[in-house]
Each structure stands twice: as structure tokens, then as C-alpha cells.
Number of protein chains: 2
Amino acid sequence: MAQGQNRSEHTHGLLFLTDEQLRKGIEAMFFAYRGFTADPDRILAEKSYGRAHHRALHFIQRSPGTTVNNLLSTLGVTKQSLNRVLRTLIDDGLVLNAVGTKDKRERHLSLTDAGRELEQALSNAQRDRMRTAYRQAGAEAVYGFCTVLEAMMDPDLKKHYDQLISGETV
Amino acid sequence: MAQGQNRSEHTHGLLFLTDEQLRKGIEAMFFAYRGFTADPDRILAEKSYGRAHHRALHFIQRSPGTTVNNLLSTLGVTKQSLNRVLRTLIDDGLVLNAVGTKDKRERHLSLTDAGRELEQALSNAQRDRMRTAYRQAGAEAVYGFCTVLEAMMDPDLKKHYDQLISGETV
DNA sequence: ATAATATGTCAGTGTTGTTGACATTCCAAG
DNA sequence: CTTGGAATGTCAACAACACTGACATATTAT
């Protein structure tokens with residue numbers, strides 16, 4: 001076999017990619033995402049919540065005081081779908097729903113102590129796996145990992161991502 | 001602020017990772033996975049199929065002649081769930097269901113021409129995005145990407161992944 | 001013969017997404 | 001001040017896709 005035929009390499013500045021290499025990445029995404037959600041899923045199952053609840057808790061924790069509309073566009077679901085989830089979280093005392101001070105139509109969402117507690121438990125489980133994977137792979141791999149993921153996002157979703165990330169190291 | 005406080009670095013051979021760095025990875029996974037499935041989802045919606053159909057087509061294409069049991073453990077769903085999907089694919093003439101030659105209890109699954117056609121359309125859409133992301137990120141990033149994803153998988157799922165990947169460059 | 005395996009199927013349930021319709025509340029423009 | 005539109009909440013119906021449990025049927029292994 002010819003050298004480099006099955007390897008990534010630069011040809012005229014362009015990465016040479018076989019279908020098999022791309023398939024490998026596709027399958028890696030599939031299997032890795034399962035691992036990515038496995039640990040929180042176990043905790044959620046105990047409390048009879050689902051992934052949708054986790055996502056809501058996560059992004060409310062991330063942007064306390066965010067509005068429903070904002071959360072809707074971040075999560076990319078319909079308001080009816082989100083409302084069902086928020087309803088249970090509010091009724092269960094995990095999320096606070098405060099009428100806006102400036103614009104009283106808006107509702108500002110935040111976590112209660114109980115909400116923070118559950119969110120922490122879920123996040124810790126997910127971060128533990130992430131940390132292990134990162135350490136196993138090394139710093140350079142982590143950098144590449146994030147770079148490819150960012151390049152894979154839809155531009156609209158990337159805006160939300162950038163917005164969340166930008167507030168980090170202020 | 002102290003130098004390197006917010007950066008990945010090696011400390012006594014261990015990667016130093018802040019919660020924010022880990023959160024960034026978690027959010028990157030979330031948003032990237034949405035992009036990852038967006039293109040096939042559009043094609044599937046036209047034919048009133050779902051992601052479950054895509055996954056079945058993908059892994060049957062990947063391992064032609066595979067058995068139902070094998071596919072079940074790869075996908076990690078119940079046989080009832082898989083059966084619903086396979087039933088429609090077989091009835092629609094996309095998948096063949098052949099009685100085993102050695103063991104007649106087994107059913108060997110493969111794609112028909114029509115099945116291959118749809119699987120190709122789905123794969124092409126997904127690979128196009130993957131290829132663009134890979135080229136944008138560069139070869140080193142791609143290597144890191146795969147390394148982290150592999151480290152994130154559950155050991156049981158990783159076996160399936162390794163098995164699929166190993167047959168690639170034979 | 002009997003047990004185990006591989007598959008298929010029926011019925012019921014739950015989560016999470018969708019559309020469509022409609023009410024309420026509030027801001028802003030005329 | 002009225003009217004239009006925006007933000008939110010809620011009701012109902014529906015679909016995809018996962019689950020459990022139970023049961024039937026072939027086939028193979030013991």
C-alpha cells in the first residue's frame with residue numbers, strides 16, 4: 001500500500017480525508033455522546049426526571065435570571081415543550097420564576113437551593129467523566145477536541161455557545 | 001491573576017482543569033451534537049423517518065449480514081424498540097431480512113439498493129459537515145478530537161466502536 | 001425430551017418533541 | 001387612550017422513540 005493513503009495529511013493545504021476516517025468520527029460522536037449522558041441519566045432516572053430537565057437546569061444555572069425566550073432559543077425547542085419541563089421544576093421547588101422588573105411580561109428564571117443541589121450533582125457526574133477523558137487524552141487533544149466541536153456547530157447555535165463561553169474568564 | 005490559572009497545563013504529569021473548562025467541553029458536546037444530526041434529520045423528515053431509522057441503516061451498512069442481536073447491543077435499545085424501526089424499513093424495501101444459513105434462528109440484515117441509496121444520502125450529508133469541520137480544524141485537532149471522544153465512551157460501548165473501526169484498513 | 005437461544009409481536013406507559021388555538025399581560029405607537 | 005404586537009402561559013392532540021412485561025415460534029444445544 002502507498003504511504004499515507006490512509007492517513008490524514010495536507011495536500012495543497014487541504015486535509016486529505018477518506019470516507020472511512022469520516023465514518024470513524026461519526027461513530028465516535030455516536031458512542032461518545034452515549035457515554036456523555038450516561039451518568040446524569042442515572043441520577044435523573046432516580047428522581048423521574050429526564051434529559052430535558054437536566055438541560056433546563058444546566059442553562060438556568062449558567063445564566064441566572066435568563067428569560068424564557070432566551071432559554072427557548074438556546075435549547076432549540078418549542079415553548080410548549082419547555083413549559084412542560086419548567087412547570088414540573090417550578091412546582092417541585094427547583095426553579096424560581098420571577099416576573100421581570102423592567103418588562104413585567106418577561107419571567108426571569110433562577111435556581112433555588114434545591115435546584116442548585118440537583119444541578120451540581122448532575123454536573124459533577126458529567127464533569128467527572130469529562131475530566132477523566134481529558135486527562136487520559138492530554139492537553140493538546142483537548143484543544144483539538146473543542147476546535148472540531150466548535151467547527152461542527154450550526155452558526156446560529158455557535159452564537160449561543162460563544163455567548164456562554166465568553167463570560168467565563170472575565 | 002496568576003499566570004496559567006485558567007489554562008490547561010501539566011502539573012506533576014496531571015492536566016490542570018477548571019470547572020469552567022469542563023463546562024465548556026460539556027456545552028460544546030451539546031451544541032455540536034445538534035449540528036451533527038441536523039443535516040440527516042432534514043432528509044429523514046422528508047421521508048417521515050427518524051434518527052432511529054438512520055442509526056439502523058448506518059450500522060447495517062457498516063456490518064452487512066449482521067444479526068438482530070448484534071445490532072441490538074450496538075444500538076443499546078430494546079428489541080421491541082428496534083423491531084418497530086426494522087419492521088418499517090423491511091416493509092418499505094430498504095432492508096433485507098435473511099434467515100441464517102448456519103443457525104436458522106438468526107436473521108441476517110442487509111441493505112437493498114434503495115436502502116443503500118438512502119443510507120448514502122444520509123451519510124453524505126453528515127460526512128460533508130464532518131469534512132468541513134475537520135478541514136477547518138486541521139489534522140492535529142482531528143486526532144485530538146477522536147482521542148477525547150474515545151476516552152469518553154463507556155467500556156462496553158467502546159468494544160463495539162473498536163470492533164467497527166478495526167475492520168477498516170484491512 | 002427438555003432447556004436455552006434468537007426472534008417477533010402485542011399491549012401499555014413515559015418522556016420529549018411537535019402544531020394549533022387561545023388567553024393574559026404589558027409595552028409602545030398612533 | 002386605544003390598538004397592535006410581543007412575551008408568556010396553557011390546553012389539547014399527536015407522533016417518535018424509548019421502556020417493561022408477557023407470550024409465541026423456531027431452532028439449536030444438552
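Convention: sequence-line order gives letters A, B, ...; per-chain numbering from 1.
Dashed line: the shortest gap from a side-chain N or O of A:Arg107 to OP1 or OP2 of D:dA7 is not under 4.0 Å. For A:Asn97 and D:dG9, the shortest distance from a side-chain N or O to OP1 or OP2 is below 4.0 Å. Contact between the side-chain N/O atoms of A:His53 and the OP1/OP2 oxygens of C:dT15 is not found at any separation under 4.0 Å. Using a 4.0 Å cut-off, no side-chain N or O of B:Asn69 falls inside it from OP1 or OP2 of C:dT5.
A donor-acceptor pair under 3.5 Å is absent between the side-chain atoms of A:Ser63 and the main chain of A:Ile60, judged by distance alone. Under a 3.5 Å cut-off, the side chain of B:Asp103 and the backbone N or O of B:Arg105 do form a donor-acceptor pair. In this structure, the side chain of B:His160 does not engage the main chain of B:Leu157 through any donor-acceptor pair within 3.5 Å. Listed for the A:Thr147 side chain is no donor-acceptor partner under 3.5 Å among the backbone atoms of B:Ala137. Between the side chain of A:Gln126 and the backbone N or O of A:Phe36 there is at least one donor-acceptor pair closer than 3.5 Å.
Under a 4.0 Å N-O distance rule, the pair B:Arg34/A:Asp154 does not qualify as a salt bridge. With salt bridges taken as basic N to acidic carboxylate O contacts below 4.0 Å, one links A:Asp128 and A:Arg131. A salt bridge links A:Glu20 with B:Arg62: at least one charged nitrogen is closer than 4.0 Å to a carboxylate oxygen.
The side-chain contact (heavy atoms from CB on, under 4.5 Å) with B:Arg107 is formed by just one residue from the set B:Thr67, B:Asn97, B:Leu86; it is B:Asn97.
Summarising the geometry, the separation between CG on A:Leu89 and P on D:dG9 is reported as 13 Å, rounded to the nearest angstrom. Between the C1' atom of C:dT7 and the CG atom of B:Leu71 lies a distance of 13 Å, rounded to the nearest Å. When rounded to the nearest whole Å, the span between CZ of A:Arg87 and C1' of C:dT15 equals 18 Å. Atom CG in B:Asp91 sits roughly 13 Å away from atom C1' in C:dG8 (whole-Å rounding). Summarising the geometry, the separation between CG on A:Leu75 and P on C:dT16 is reported as 12 Å, rounded to the nearest angstrom. Look at CG on B:Leu86: it is 13 Å from P on D:dC17, rounded to the nearest Å. Rounded to an integer number of Å, the gap from B:Glu106 CD to D:dA29 P is 10 Å. B:Leu72 has its CG atom 9 Å from the C1' atom of C:dT7, to the nearest Å.
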Between the protein and nucleotides 18-20 of chain D, list every N/O to N/O distance that falls short of 3.5 Å.
{"from": "D:dA18", "atom 1": "OP1", "to": "B:Arg55", "atom 2": "NH2", "distance (Å)": "2.5"}
{"from": "D:dA18", "atom 1": "O5'", "to": "B:Ser81", "atom 2": "OG", "distance (Å)": "3.3"}
{"from": "D:dA18", "atom 1": "N7", "to": "B:Arg84", "atom 2": "NH2", "distance (Å)": "2.7"}
{"from": "D:dC19", "atom 1": "OP2", "to": "B:Thr78", "atom 2": "N", "distance (Å)": "2.7"}
{"from": "D:dC19", "atom 1": "OP2", "to": "B:Thr78", "atom 2": "OG1", "distance (Å)": "2.9"}

Protein-nucleic acid N or O pairs under 3.5 Å, nucleotides 27-30 of chain C:
{"from": "C:dC27", "atom 1": "OP1", "to": "A:Lys102", "atom 2": "O", "distance (Å)": "3.2"}

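Taking CG of B:Leu17 as the reference point, atom CZ of B:Arg23 lies at 14.5 Å (rounded to 0.5 Å).
A perpendicular orientation is assigned to the rings of A:His54 and A:His58, their planes being inclined by more than 60° (bins at 30° and 60°).
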Exercise. Using Watson-Crick and G-U wobble pairs whose two distances are both under 3.5 Å, how do you write the pairing of DNA chain C as dot-bracket, with | for links to another strand?
Worked result: ||||||||||||||||||||||||||||||

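Nearest heavy atoms, A:Arg129 versus A:Ala38: NH2-CB, 4.0 Å.
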